[in-house]
Enquirer: 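Quick one: the structure is below, and I'll ask about it shortly.
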Amino acid sequence: MQIVAVADDLSGATETLAALSLWGAKVWLNTENPTVLLDELQAANSFVIDSNTRLMSEVDAGHKAKQIAGILANSAKELIIFHKVDSLLRGNLAAEVEEAKVHGPVVLAVANPETDRTTLNGVVLVRGLEMHLTDLWSSESGQPWASIAQSLGTASSIVVSLDSVRRGPFELAKVLAEHAKSGSVMICDSETDEDLDAIAAAAQQICNVQLFGSAGLARALARIVRPSVASTETPTNVSREVTVIVGSNASSSNRQVAHLDELGIKWMTFRPEHDQEASFNAAIGSSLVLTGGATARAILENLGVEWLRPFHEIETGMVASSTSTSQAVVIKPGSYGDDHTLVRAVQYLMNISKQK
């Protein structure tokens, strides 16, 4: 079965490819030239698109979602389309859901148990605490959403309870089919991988379903549809020089760079509002560790990268890829990992460079 995933930033896109086990497939940064995506569709390849809508205005995000949906509508074969959602509800979820509803019923499940993010009564919980009560939105310009329904703007929605989810895929499919008639977005509670498996399996029984979720739901979908896996090889020209560029203000990133300092590993900060030339120059010719999807996108676009081919997930959400310009890059979502995650990313690149 051909799978196409759409993510709103680059770290989410590489994370999603790994979660879907689409090894050998590409993550496309270039969405302005529809020909390359149409070629992928016609070749029946699975792939991931970075729509880059995370920091767009709501209007621009809606236009981009419509453009991508128009491209995917050209597929002559049945597609499974998966929309990657930020598990903290950042980005332009309302605009993307509004466009998706034009093409079919929307089933939404944002829990990601591997990162202790669950949902109950339509509310995101992080380690059991309601997300809007944590500091995980401290670097965002707005206020965190108190519920998933609130993040959907004016779209009508209904919460599918944990009890309904745990009745099993067959019974859950009946519930979803009934709710689909109303046109409401179906927000599914989930706490475990088994819950997400049930949601993924039930959703596949709904005609033209538009599946929205975190990497947790992507992993569940992979377990259900078992996509074919192409062989992937570690690139042979990995530079021993590693450049770490950090663009995330997340508290976890701040702790991680402190450990880089302890080991004498050089790193630099990337801020879009400041002079970027030093970061762009440092990225040329070296292996890269990039934190934050917007940072990764800016650096790689400047290098002329059109696509990535992920080849290894170092740890949850932190994925190593080769680029269309033959560099090795590790991309990590800003809020992921423990204090030594960036150190391990650097060590991974240095180790594979020594093996070649």
Enquirer: If you take all heavy atoms of Glu306 and Trp28, which pair is closest and at what distance?
Expert: O-CE3, 3.7 Å
Enquirer: Closest heavy-atom contact between Ser51 and Asp8?
Expert: OG-CA, 3.5 Å
Enquirer: What distance separates His83 NE2 from Leu217 CG, expressed to the nearest 0.5 Å?
Expert: 11.5 Å
Enquirer: Crowded around Glu262 CD? As in, over 12 foreign heavy atoms under 6.0 Å?
Expert: yes
Enquirer: Is it true that Asp86 and Arg54 have a side-chain N and a carboxylate O under 4.0 angstrom from each other?
Expert: yes
Enquirer: So which heavy atom on Ala283 is nearest to which on Ile299, and how close?
Expert: CB-CG2, 3.7 Å
Enquirer: Is there a donor-acceptor contact under 3.5 Å from the side chain of Thr16 to the main chain of Gly12?
Expert: yes
Enquirer: Within a 6.0 Å radius of atom CE on Met56, are there more than 12 heavy atoms belonging to other residues, nucleotides or ligands?
Expert: yes
Enquirer: Would you indicate whether the side-chain heavy atoms of Ile81 and Leu72 approach each other to under 4.5 Å?
Expert: yes
Enquirer: Take Arg309 and Ser321, measure what side-chain hydrogen bond (donor to acceptor under 3.5 Å, both in side chains) needs, and give me the verdict at the end.
Expert: CA-CA 5 Å; Arg309 197 188 299 274; Ser321 306; over 6 Å; no
Enquirer: Atom OG1 in Thr325, atom CG in Leu300: separation rounded to 0.5 Å?
Expert: 7.5 Å
Enquirer: Hydrophobic clustering (ILVMFWY, side-chain heavy atoms < 4.5 Å, transitive) - are Leu10 and Leu303 grouped together?
Expert: yes
Enquirer: Heavy atoms only: give me the nearest Cys188-Thr119 pair and the separation to one decimal.
Expert: O-OG1, 3.5 Å
Enquirer: Which atoms form the tightest heavy-atom contact between Phe47 and Ala25, and what is the distance?
Expert: CA-CB, 4.4 Å
Enquirer: If we count only N and O atoms by modelled type, under 3.5 Å, do the side chains of Ser286 and Thr243 hold a donor and an acceptor together?
Expert: yes
Enquirer: What side-chain hydrogen bond (donor to acceptor under 3.5 Å, both in side chains) pairs are there with at least one residue in residues 338-347, not counting sequence neighbours?
Expert: Arg255-Asp339, His259-His340, Glu315-Thr341, Glu315-Arg344, Asp338-Thr341, Asp338-Arg344, Thr341-Arg344
Enquirer: Is there a path of hydrophobic side-chain contacts, each under 4.5 Å between heavy atoms, that joins Val209 and Met1?
Expert: yes
Enquirer: Please confirm whether the backbone N or O of Leu260 pairs with a side-chain atom of Gln256, one donor and one acceptor, at under 3.5 Å?
Expert: no
Enquirer: With hydrophobic residues grouped by side-chain heavy-atom distances under 4.5 Å, do Leu20 and Leu196 end up in a single group?
Expert: yes
Enquirer: Got a second to check how far Ser147's OG is from Leu152's CG, nearest 0.5 Å?
Expert: 8.0 Å
Enquirer: My understanding is that only residues two or more places apart in sequence, or in another chain, count here; which of them pass salt bridge (Lys or Arg N to Asp or Glu O under 4.0 Å) with Lys174?
Expert: Glu171
Enquirer: Might you work through the side-chain hydrogen bond (donor to acceptor under 3.5 Å, both in side chains) test for Ser11 and Asp9, ending with a clear yes or no?
Expert: CA-CA 6 Å; Ser11 60; Asp9 78 342; 3.2 Å; yes
Enquirer: Same cluster or not: Leu133 versus Leu136, using hydrophobic residues (I, L, V, M, F, W, Y) connected whenever any side-chain heavy atoms lie under 4.5 Å apart?
Expert: no
Enquirer: Under 3.5 Å, side chain of Asn52 to main-chain N/O of Arg297, donor-acceptor pair present?
Expert: no
Enquirer: Heavy atoms only: give me the nearest Ala345-Val330 pair and the separation to one decimal.
Expert: CB-CG1, 4.0 Å
Enquirer: Do Asp39 and Thr35 make a side-chain contact, defined as non-hydrogen atoms from C-beta onward lying under 4.5 Å apart?
Expert: yes
Enquirer: Taking atom types as modelled and ignoring hydrogens, do the side chains of Thr316 and Glu114 form a donor-acceptor contact shorter than 3.5 angstrom?
Expert: yes
Enquirer: Evaluate the ring planes of Phe270 and Phe280, with Trp represented by its six-membered ring, and classify them as parallel (under 30°), tilted (30 to 60°) or perpendicular (over 60°).
Expert: tilted
Enquirer: Side chains of Thr53 and Glu96 only: does a donor on one sit below 3.5 Å from an acceptor on the other?
Expert: yes
Enquirer: Keeping the roles fixed (side chain from Asp195, backbone from Thr192), state whether a donor-acceptor pair exists under 3.5 Å.
Expert: yes
Enquirer: Is there a path from Trp307 to Ile49 through hydrophobic residues (I, L, V, M, F, W, Y) whose side chains come within less than 4.5 Å of each other?
Expert: yes
Enquirer: Is any side-chain N of the basic residue among Lys64 and Asp60 closer than 4.0 Å to the acidic one's carboxylate O?
Expert: no
Enquirer: Using atom types as modelled and distance alone, determine if a side-chain donor or acceptor of Gln327 lies under 3.5 Å from a backbone N or O of Thr323.
Expert: no
Enquirer: What I'd like to find out is whether the side chain of Ile80 reaches to under 4.5 Å of the side chain of Gln204, using heavy atoms alone.
Expert: yes
Enquirer: Side chains of Asn45 and Glu40: donor-acceptor distance under 3.5 Å anywhere?
Expert: yes
Enquirer: Check whether more than 12 heavy atoms from other residues, nucleotides or ligands sit under 6.0 Å from atom NE2 of His63, and answer yes or no.
Expert: no
Enquirer: For Glu58, is the CD atom crowded, meaning more than 12 foreign heavy atoms sit under 6.0 Å from it?
Expert: no
Enquirer: Under a 4.5 Å cut-off applied to non-hydrogen side-chain atoms, are Met131 and Arg117 in contact?
Expert: no
Enquirer: Going by an N to O cut-off under 4.0 Å, is there a salt bridge joining Glu191 and Arg166?
Expert: yes
Enquirer: Is any side-chain heavy atom of Gln210 less than 4.5 Å from a side-chain heavy atom of Phe212?
Expert: yes
Enquirer: Can you tell me if Ser138 and Asp135 form a side-chain donor-acceptor pair at under 3.5 Å?
Expert: no
Enquirer: Give a yes or no on whether a salt bridge exists between Asp197 and Arg223, defined as a side-chain N under 4.0 angstrom from a carboxylate O.
Expert: yes
Enquirer: Are side-chain heavy atoms of Ile314 and Val319 found at a separation under 4.5 Å?
Expert: no
Enquirer: Do Leu41 and Val4 touch side chain to side chain, with heavy atoms closer than 4.5 Å?
Expert: yes
Enquirer: Is there a donor-acceptor pair under 3.5 Å between the side chain of Asn30 and the backbone N or O of Glu32?
Expert: yes
Enquirer: Does the side chain of Thr291 reach to within under 4.5 Å of the side chain of Ile245, using non-hydrogen atoms?
Expert: no
